[in-house]
Amino acid sequence: MNKLFEGIEIFVEVVKRGSFASAAQQLGHSNSHISKEMNKLEARLGVRLLNRTTRSLALTPEGEAYYQQCIQLISDAQDAFNLVTQGDDTPKGNLKLSCPIGLYRSHIQPIVVSFIKQYPNVTLDLDLSDKHVDIVADGFDLVIRATPVLNESSLICKKIYACPTYVVASKSYLAQFGRPHHPRELINHHCIGYSNLKNPEKWEFKHSDAEPFVVDVKLKAKCNNGEAETALVEAGVGITRLPEFYLSSGLESGNLEILFSEYEQPTVNVYAVYPSRKHLSSKVRRLIDLLSDELKK
């Protein structure tokens with residue numbers, strides 16, 4: 001029993017950091033100590049937790065299952081510690097956050113800056129990417145997701161913002177190729193698709209009480225990054241449909257024009273998503289509350 005918890009912190013840090021060397025640096029140990037403790041842990045459990053090569057580490061199926069339990073154990077231990085240390089609920093420690101790039105720059109960044117200044121004992125590990133990250137496997141405390149439909153049955157999700165979507169083109173594109181007056185005319189235009197979507201070439205429209213319809217647009221280009229896609233549109237390459245937070249600068253400057261404003265476009269909802277844990281740390285709870293309050297203004 002006295003060895004039940006030995007090596008757990010080292011194992012979790014190795015997985016989070018992706019290497020023995022990074023874990024050793026974070027924990028203040030030597031590489032050889034980390035390796036020795038991992039070998040002892042695997043020997044005690046009687047299973048291999050990690051597949052090792054000279055260049056990478058990968059969890060085995062048994063390692064994945066054990067890792068999920070270990071991060072829960074560490075989280076609960078931290079909550080227990082905070083509970084009995086003079087009732088201190090002050091946010092502290094590392095907070096690993098993921099957010100889409102365009103949304104972060106247009107809406108989230110000033111809120112995060114305010115949060116960090118307000119809670120100086122919190123350190124931030126920020127991942128800006130449009131990719132769909134694995135919250136648990138990648139060790140995120142909080143992920144901001146922007147999507148019309150959210151499928152996260154095993155996670156806790158809180159809607160914090162709703163963003164309109166627009167079909168836009170640049171003035172230079174419209175001057176060269178003309179303005180489409182009906183969505184079905186898009187089949188005769190160059191369009192740019194967001195490749196993170198399952199079907200980036202299928203654009204749905206709805207007018208008043210009529211049934212919605214889908215237009216199969218002709219893609220001149222597709223891109224997995226909304227800011228890069230916006231740059232292509234502003235350069236006159238084609239027409240695109242994106243959430244307002246990617247387009248705000250171009251719309252404010254007048255370089256981009258909204259098309260088909262009389263048609264309803266899908267709303268992109270913004271969610272704060274975090275692992276389904278019994279206890280939510282104060283740093284995550286306070287950041288979610290701040291995001292929710294500020295984005296409502």
Side-chain angles (χ1 to χ4, degrees), residues 97-116 124 126-132 142-150 158-175 177 179-180 183 186 189-197 200 203-206 217 219-273 287-288 290-297:
L97 170 69
S98 177
C99 184
I101 301 172
L103 177 61
Y104 180 81
R105 289 181 175 172
S106 63
H107 289 72
I108 305 299
Q109 179 171 297
I111 302 173
V112 170
V113 170
S114 175
F115 176 81
I116 291 298
L124 182 66
L126 182 60
D127 176 83
L128 296 181
S129 173
D130 287 356
K131 70 179 182 180
H132 191 286
L142 181 65
V143 169
I144 308 302
R145 290 212 167 125
T147 177
V149 180
L150 187 68
K158 180 178 180 180
K159 182 178 174 181
I160 57 175
Y161 186 61
C163 181
T165 299
Y166 299 119
V167 177
V168 298
S170 68
K171 289 183 178 295
S172 62
Y173 177 90
L174 297 175
F177 297 100
R179 175 187 293 270
L186 288 171
H189 282 266
H190 300 315
C191 294
I192 303 171
Y194 187 58
S195 59
N196 286 328
L197 297 175
W203 295 7
E204 183 177 296
F205 296 88
K206 187 177 185 303
V217 301
L219 294 182
K220 180 71 171 179
K222 57 183 177 180
C223 184
N224 67 352
N225 178 273
E227 289 192 329
E229 188 175 341
T230 303
L232 290 173
V233 176
E234 290 184 337
V237 173
I239 298 171
T240 196
R241 179 168 69 176
L242 282 171
E244 181 269 342
F245 57 77
Y246 283 119
L247 307 171
S248 55
S249 177
L251 292 172
E252 289 172 5
S253 69
N255 184 36
L256 296 181
E257 295 189 17
I258 296 174
L259 307 178
F260 318 125
S261 57
E262 67 275 23
Y263 287 84
E264 295 179 25
Q265 302 292 324
T267 297
V268 171
N269 295 314
V270 178
Y271 297 90
V273 185
L287 179 55
I288 292 172
L290 186 62
L291 287 166
S292 182
D293 290 343
E294 291 297 319
L295 290 173
K296 287 178 181 177
K297 294 180 179 179

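The chain is numbered in sequence order, starting from 1. Computed from a prediction, not measured in an experiment: that's the story for all the values here.
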Just to verify, what does [X] make a side chain to side chain contact (heavy atoms under 4.5 Å, CB included) with, not counting sequence neighbours?
X      : answer
Leu232 : Ile192, Ala221, Val237
Asn196 : Asp130, Tyr194, Asn224
Ala228 : Cys223, Asn225

Check residues 263-272 and write down every donor-acceptor pair under 3.5 Å in which the side-chain atom is one partner and the other belongs to a residue at least two apart or another chain.
from, atom 1, to, atom 2, distance (Å)
Tyr263, OH, His182, NE2, 3.2
Gln265, OE1, Arg241, NH1, 3.2
Asn269, OD1, Lys159, NZ, 3.3

Kindly assign one of parallel, tilted or perpendicular to the pair His189 and Tyr173, based on the angle between their ring planes and the thresholds 30° and 60°.
tilted
Would you say that Leu97 contacts Leu124 through its side chain, given a criterion of any heavy-atom pair below 4.5 Å between the two side chains?
yes
Can you check whether Arg145 reaches His132 side chain to side chain, under 4.5 Å on heavy atoms?
yes
Counting only heavy atoms not in Lys131, do more than 12 fall under 6.0 Å of its NZ?
no
Can we say Arg105 and Glu227 salt-bridge, meaning some charged N sits less than 4.0 Å from an Asp/Glu carboxylate O?
yes
Pairs meeting criterion ring pair (Phe, Tyr, Trp, His ring centres under 6.0 Å) with involvement of residues 226-262, two or more places apart
Phe205-Phe260
Run the salt bridge (charged side-chain N to carboxylate O under 4.0 Å, His left out) test against Glu204 and tell me which residues pass, sequence neighbours left out.
none
Kindly determine whether Ser170 and Glu234 satisfy side-chain hydrogen bond (donor to acceptor under 3.5 Å, both in side chains), including the steps that lead there.
CA-CA 5 Å; Ser170 68; Glu234 290 184 337; over 6 Å; no
Gly102 backbone acceptor or donor facing Ser106 side chain under 3.5 Å
yes
